[in-house]
Amino acid sequence: MSQLQSLRGMVDLLPEQIQRWQKVESIAREQFSFAGLEEIRTPLLEVTELFSRSIGEATDVVGKEMYTFLDRGERSCTLRPEGTASVVRAALQHGLLNHGHNRLWYSGPMFRYERPQAGRQRQFHQIGVEFLGLASPTIDAELISIGWDFLQSLGLKGLELQINSLGTIEDRKSYRNQLVQWLEVRFEDLDPDSKRRIQSNPLRILDSKNPSTKQLLKDAPTLNNVLSDESGERFLAVQQALLKLGIPFRVNPHLVRGLDYYDHTAFEIISDQLGAQATVCGGGRYDGLVEELGGPKTPAIGWAIGMERLLLLLSDLMPITSAPSVYLVNRGKNVEIHALVLARKLRAAKVGVEIDNSGAAFSKQFKRADRCGASWAIVLGEDEVARGEVRLKRLKSCKTENTKQEFTTSSSDLDGLLALINT
RNA sequence: GCGGGCGUCGCCAAGUGGUUAAGGCAGCGGCUUGUGGCGCCGCUAUUCGGGGGUUCGAAUCCCCUCGCUCGCCCCA
């Protein structure tokens with residue numbers, strides 16, 4: 001291909017799709033505002049250290065998926081692979097936590113250098129919510145409910161909320177040791193991927209898709225049994241809150257989130273219609289992160305929704321319409337400028353107008369007028385301009401009524417014209 | 001990073017070694033020199049992602065490369 005193309009995994013959002021995006025964004029904006037959230041926008045580019053410190057050096061995201069480069073000042077910069085770290089950084093930098101701005105949402109592009117596949121791109125978009133400085137189990141339920149309600153209100157079906165508790169960092173450490181011991185005894189029965197992960201990320205093995213490994217893991221020790229009493233009670237409280245809210249969920253003891261900063265509540269909202277990348281919304285508590293990034297000890301929790309995955313689910317549910325009310329048919333010497341003058345007046349009166357700029361034969365223009373779905377055609381030719389008239393013709397209704405509806409008004413009588421159009 | 005599938009006009013596609021690369025949609029022109037939705041007629045790829053090779057001859061076979069796509073890893 002000698003033609004210039006977008007980079008692999010970088011996707012254009014074409015006009016056809018963009019309406020759905022705008023719809024989703026406006027619903028999000030509205031609902032989040034009712035939930036008392038404030039929007040925050042942070043830079044796409046951050047110092048690399050922000051992500052390596054928060055997400056974890058050993059994770060795949062940091063280890064092999066970041067877009068990292070040196071800028072002209074020899075600083076290592078990274079295109080953000082996720083939103084949480086930036087939000088926390090911004091909150092600390094501007095002292096937001098001291099001013100009560102602690103329920104935040106964001107949306108925008110994220111970057112991860114991976115092989116694209118269904119529901120995965122190198123530049124993708126997330127819409128996310130973060131609660132900073134809020135600790136109670138009820139907060140976990142509230143945060144989850146905001147995501148759940150948002151997805152429900154879009155009309156999505158076949159979603160399942162799965163939750164788990166990772167306990168405290170200490171709980172996780174002791175569980176990790178226990179699990180590794182248990183797995184090492186059965187090392188020979190594991191699939192190659194899982195063998196490798198015993199070193200790098202043993203908790204991840206719980207999430208394995210390999211059938212025989214899955215079978216084996218049925219008897220593995222679970223996190224729940226290792227949780228401290230306090231962590232266990234906390235997890236129960238979150239579940240009770242969700243029950244009270246009437247949000248259905250399933251406890252999945254194998255649910256492990258990939259980023260290092262998660263503790264306690266972890267959850268995902270999963271679709272049965274997305275293929276391999278089924279998680280639409282993922283999140284969890286990260287009580288240690290703010291401190292890790294140099295702030296005061298601050299409990300926090302958040303989630304992110306993958307916009308592309310959401311739109312994949314939504315495309316069938318959300319038909320798009322974009323027909324103008326008026327299609328302005330025009331032809332003749334010096335007529336086009338009159339058409340533009342008229343269109344501008346109508347547009348100012350909140351009437352959607354599309355001008356035909358082809359100069360083609362009237363029959364052609366009418367064909368297009370009909371095809372674009374406009375309700376009215378306004379006809380402007382040399383005759384009309386000379387007489388100071390505007391001709392108006394109803395398009396769609398004639399199909400059913402089988403009567404031609406045509407009107408002529410003076411071009412100076414804008415109100416009369418508008419009255420007709422709005423009938 | 002590793003595997004599978006695919007790449008013919010703006011879109012959907014037939015063609016799988018033999019003179020001019022089907023067809024449909026869209027587009028353009030006309031029937032209708034100023035009036036749509038239907039119909040009819042005509043036009044629209046010296047070229048089959050790109051490069052090399054095999055062959056008298058390739059879109060069709062081989063090699064390389066690029067891209068897309070699905071899956072693994074991982075994640076939204």
Side-chain angles (χ1 to χ4, degrees), chain A residues 1-9 11 16 55-56 58-66 81-84 107-128 147 151 191-194 196-197 200-201 204-205 207-210 256-259 262 268-271 274-283 302-313 327 329-332 335 356 358 360-374 376-384 391-400 402 404 406:
Chain A
M1 206 33 129
S2 61
Q3 266 224 326
L4 258 26
Q5 298 189 22
S6 61
L7 255 12
R8 158 173 283 199
V11 189
E16 215 183 310
I55 299 171
T59 61
D60 275 24
V61 170
V62 171
K64 60 181 203 189
E65 293 172 2
M66 293 203 302
E82 56 109 39
T84 302
S107 83
M110 309 291 165
F111 302 84
R112 258 121 95 161
Y113 193 92
E114 301 182 272
R115 277 289 283 274
Q117 69 184 71
R120 163 177 302 163
Q121 298 165 188
R122 288 184 172 180
Q123 177 179 333
F124 61 105
H125 297 76
Q126 287 187 336
I127 188 158
L151 295 174
D191 61 280
D193 268 330
S194 296
R196 184 177 51 74
R197 278 183 288 185
S200 60
N201 198 347
R204 229 32 264 187
I205 298 177
D207 220 8
S208 173
K209 284 167 189 157
N210 183 287
V256 184
R257 311 243 62 237
L259 312 185
Y262 286 116
E268 294 186 359
I269 297 175
I270 293 171
S271 166
L274 272 180
Q277 311 302 326
T279 303
V280 188
C281 173
W303 53 246
I305 284 175
M307 279 291 275
E308 280 79 5
R309 291 182 190 175
L310 181 55
L311 268 291
L312 241 32
L313 294 172
Y327 192 89
V329 170
N330 68 99
R331 177 177 160 93
V335 171
D356 192 306
S358 69
F362 279 94
S363 62
K364 273 290 171 237
Q365 295 195 37
F366 270 96
K367 198 169 260 182
R368 277 195 282 266
D370 191 62
R371 211 170 264 178
C372 82
W376 294 92
I378 282 181
V379 191
L380 220 50
E382 289 175 3
D383 297 350
E384 286 77 10
R391 309 188 104 206
L392 186 67
K393 181 173 181 177
R394 192 188 284 280
L395 292 175
K396 284 190 283 194
S397 63
C398 290
K399 226 186 244 176
T400 47
N402 204 20
K404 285 198 175 129
E406 291 191 58

Checklist entry - Between atom CD in A/E384 and atom P in B/G34, what is the gap in whole Å? => result 12 Å
Item to check | Nucleotide B/U69, atom C1' - distance to CD of A/Q121 in whole Å | outcome: 13 Å
Item to check | Candidate nucleotides B/C74, B/G67, B/A76, ranked by approach to the side chain of A/R8 - the nearest | outcome: B/G67
Checklist entry - Base, sugar-phosphate, or nothing: which does A/G381 touch, judged by heavy atoms less than 4.0 Å apart? => result base
Next on the checklist: Mind checking if A/G119 touches a base, just sugar-phosphate, or nothing, with heavy atoms under 4.0 Å?
Outcome noted: base
Next on the checklist: Quick check: any donor-acceptor pair below 3.5 Å linking the side-chain of A/K364 to the base of B/G36?
Outcome noted: no
Checklist entry - Does the aromatic ring of A/F124 sit over the six-membered base ring of B/A76, closer than 5.5 Å centre to centre and tilted less than 30°? => result yes
Checklist entry - Side chain of A/L259: nearest nucleotide among B/G67, B/C73, B/A76? => result B/A76
Item to check | Atom of A/F366, atom of A/A377 and distance for their closest heavy-atom approach | outcome: CE2-CB, 3.9 Å
Checklist entry - Hey, does the side chain of A/Q117 come within less than 4.0 Å of B/G71's phosphate (OP1/OP2), counting only N and O? => result yes
Item to check | Atom pair CZ (A/R368) and CD (A/Q365), whose distance is rounded to the nearest 0.5 Å | outcome: 6.0 Å
Checklist outcome for this item: Taking a pair to mean Watson-Crick or G-U wobble geometry with both distances below 3.5 Å, B/C72 pairs with B/G1
Item to check | Length of the line joining A/K393:NZ and B/G37:P, which is rounded to integer Å | outcome: 10 Å
Checklist entry - Considering Watson-Crick and G-U wobble pairs with both distances under 3.5 Å, what does B/C38 pair with? => result none
Checklist entry - What nucleic acid atoms does A/V280 come within less than 4.0 Å of, heavy atoms only: base, sugar-phosphate, or nothing? => result sugar-phosphate
Next on the checklist: What's A/R391 touching, base or sugar-phosphate or nothing? Going by heavy atoms closer than 4.0 Å.
Outcome noted: base
Checklist entry - When rounded to the nearest 0.5 angstrom, what is the spacing between CZ in A/F362 and CG in A/N330? => result 7.5 Å
Item to check | Pairwise C1' distance, B/G57 and B/U65 [rounded to whole Å] | outcome: 25 Å
Item to check | Minimum-distance pair of heavy atoms, taken over all atoms of A/P81 and A/I55 | outcome: CG-CD1, 3.9 Å
Checklist entry - CG of A/D60 versus P of B/C73: gap in Å, rounded? => result 11 Å
Checklist outcome for this item: Rounding to 0.5 Å, atoms OG1 (A/T59) and CZ (A/R257) come to a distance of 12.5 Å
Checklist outcome for this item: Of all heavy-atom pairs linking A/D356 and A/S358, the shortest is OD1-OG, 2.6 Å
Item to check | Under 3.5 Å donor-acceptor pair, A/Q277 side-chain atoms to B/G71 base atoms | outcome: no
Next on the checklist: So A/A369, base contact, sugar-phosphate only, or nothing? Heavy-atom distance under 4.0 Å.
Outcome noted: nothing
Item to check | Separation of atom CD in A/Q5 from atom P in B/U69, rounded to whole Å | outcome: 11 Å
Checklist entry - Roughly how many Å is it from CG in A/D383 to P in B/U33, rounded to a whole number? => result 15 Å
Next on the checklist: Work out how far the P atom of B/G24 is from that of B/A14, and round it to whole angstrom.
Outcome noted: 15 Å
Checklist entry - Quick one: is B/C28 close enough that its OP1 or OP2 comes under 4.0 Å of any side-chain N or O from A/R368? => result yes
Checklist entry - Whom does B/U55 pair with, Watson-Crick or G-U wobble, provided both distances fall under 3.5 Å? => result none
Checklist outcome for this item: Heavy atoms of A/F111 and A/F124 approach each other most closely as N-CE2, 4.1 Å
Next on the checklist: At 4.0 Å (heavy atoms only), tell me whether A/E382 reaches a base, stays on the sugar-phosphate, or touches nothing.
Outcome noted: base
Checklist outcome for this item: B/G27 -> Watson-Crick or G-U wobble partner, both distances under 3.5 Å, gives B/C43
Checklist entry - Between B/U35, B/A76, B/C73, which nucleotide gets closest to the side-chain atoms of A/E406? => result B/U35
Next on the checklist: Nearest heavy atom decides the nucleotide; on that basis, is A/A118 or A/F362 closer to the 5' end of RNA chain B?
Outcome noted: A/F362
Item to check | Inter-nucleotide P distance (B/G4, B/G27), Å rounded | outcome: 42 Å
Checklist entry - Touch check for A/Q365, heavy atoms < 4.0 angstrom, all strands: base, sugar-phosphate only, or nothing? => result nothing
Checklist entry - Is any side-chain N or O of A/R115 under 3.5 Å from a base N or O of B/C72, one able to act as donor and the other as acceptor? => result no
Checklist entry - B/A26, B/U35, B/A76: which one has an atom nearest the side-chain heavy atoms of A/R371? => result B/A26
Item to check | Phosphate-side-chain proximity, A/R331 and B/G34, N/O vs OP1/OP2 below 4.0 Å | outcome: yes
Checklist entry - Say you pick atom P in B/U54 and the same atom in B/A58; how far apart are they, in whole Å? => result 11 Å
Checklist outcome for this item: Result for 5'-nearest mapping on RNA chain B, choosing between A/G275 and A/I269, is A/G275
Item to check | Atom-to-atom span, CD of A/E114 to P of B/U69 - whole angstrom | outcome: 14 Å
Checklist entry - What is the distance, rounded to the nearest whole Å, between atom NZ of A/K367 and atom P of B/C25? => result 12 Å
Item to check | Inter-nucleotide C1' distance (B/G50, B/C12), Å rounded | outcome: 24 Å
Checklist entry - Taking atom C1' in both B/G3 and B/G10, what distance in whole Å separates the two? => result 34 Å
Item to check | C1' gap between B/G67 and B/C25, integer Å | outcome: 25 Å
Checklist entry - If we take the C1' atom in both B/U44 and B/G5, what is their distance in whole Å? => result 32 Å
Next on the checklist: Taking 4.0 Å as the cut-off, does a side-chain nitrogen or oxygen of A/R394 come that near to OP1 or OP2 on B/G36?
Outcome noted: no
Item to check | Shortest non-hydrogen contact from A/I205 toward A/R197 | outcome: CG1-CB, 3.7 Å
Item to check | Smallest separation among heavy atoms of A/M66 and A/V61, with atom names | outcome: CG-O, 3.1 Å
